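Bear in mind that the values here come from a model prediction, so they are computed numbers and not experimental data. Each ligand, and each atom within it, is numbered from 1 in the order the structure gives.
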Amino acid sequence: MQPNEYVKSLAAKDVIRVEMVCLGNICRSPMAAAVLHNKTLGITKPRFIVTSSGTSGWHDGEGAHHLSEKTWKAAGYTFEHISRKFQLNFFDEADLILPMDLTNRAVILNGARNDADKAKVFMLRSFDPSLSHIDPTSPEVEHLQVPDPWGETIEAYQEVLEMIERATDGLVEALTS
Ligand code: 4NP
């Protein structure tokens with residue numbers, strides 16, 4: 001996806017609030033928040049506030065999965081995380097709501113109250129420049145998912161980290177240039 005008018009308009013803001021969303025909020029979305037938070041620490045205009053949540057609420061109050069945290073720490077990112085459930089009032093706070101997979105996206109869009117809410121929702125990987133040819137409204141959108149590493153080995157978490165790094169680099173580029 002090329003950044004649309006809404007995304008481009010965010011670059012003029014003083015503060016951009018980004019909500020990363022997955023299912024459990026212990027593996028993918030905390031890692032995505034950790035990476036984007038660290039990548040944007042030195043940027044003062046716009047300033048980034050990065051949070052995350054899960055559509056399930058199954059792990060509310062827990063820290064990140066140990067393999068997720070181990071993976072982002074090994075890559076040099078520092079971030080504290082407590083799991084929480086995605087709430088519909090997050091549409092009021094967030095400028096961008098970035099699901100990791102299509103199930104997360106469906107739950108979020110199902111809760112959207114109007115077109116302005118829907119306009120804030122993008123697959124995180126739609127910002128990966130190498131995937132910009134994929135139309136998020138086509139069946140090809142399945143290739144924009146961050147696969148769920150829960151129950152997998154550390155290698156799966158490392159692959160997720162690489163996907164997240166490419167996507168967040170593209171996101172920062174889209175919001176600061
Ligand atoms: P996440 O991974 O959505 O990336 O945090 C999962 C974590 C926990 C579960 C599923 C996915 N679970 O079934 O508890």
### Query
If you measure every N/O of C22 against every N/O of ligand 1, is any gap under 3.5 Å?
no
### Message
Check this for me - ligand 1, R28, N or O atoms closer than 3.5 angstrom, yes or no?
### Response
yes
### Message
Please confirm whether M100 approaches ligand 1 to less than 4.0 Å, judged on its heavy atoms.
### Response
no
### Query
Between K13 and D95, is the closest basic N to carboxylate O distance under 4.0 Å?
yes
### Query
Using 4.0 Å as the upper bound for N to carboxylate O, is an ion pair formed by R166 and D128?
yes
### Query
Going by atom types only, do Y157 and E69 share a side-chain donor-acceptor pair under 3.5 Å?
no
### Query
Which residue holds the protein heavy atom closest to atom 14 (O) of ligand 1, what is that atom called, and what is the gap in Å?
H59 NE2, 2.7 Å
#### Entry: Sub-3.5 Å N/O-N/O distance, L23 and ligand 1
yes
### Message
Looking only at the side chains, is there a donor atom on one of T51 and E19 sitting less than 3.5 Å from an acceptor on the other?
### Response
yes
### Query
Which of the atoms in ligand 1, numbered in the order shown and given with their element, are less than 4.0 Å from a heavy-atom of W58?
12 (N), 13 (O), 14 (O)
### Parallel, tilted or perpendicular, as decided by the 30° and 60° cut-offs, for the rings of F86 and F91
perpendicular
### Query
Got the closest protein heavy atom to atom 3 (O) of ligand 1, with its distance?
G24 N, 2.8 Å
### Query
Taking heavy atoms and a distance under 4.0 Å, where does H65 meet ligand 1: side chain, backbone, both or neither?
neither
### Message
Parallel, tilted or perpendicular, judged at 30° and 60°: which one describes the rings of Y6 and F122?
### Response
parallel
### Query
Can you check whether I164 reaches V160 side chain to side chain, under 4.5 Å on heavy atoms?
yes
### Query
With respect to L36, which candidate in D169, V50, L124 satisfies the side chain to side chain contact (heavy atoms under 4.5 Å, CB included) definition?
V50
### Task
Any atoms of ligand 1 less than 4.0 Å from a non-hydrogen atom of D148? List them with their elements.
2 (O), 4 (O), 6 (C), 10 (C), 11 (C)
### Query
What is the nearest protein non-hydrogen atom to atom 9 (C) of ligand 1, stated with its residue, atom name and distance?
W150 CD2, 3.4 Å
### Task
Would you mind listing which atoms of ligand 1 come within a distance below 4.0 Å of any non-hydrogen atom of I26?
5 (O), 7 (C), 8 (C)
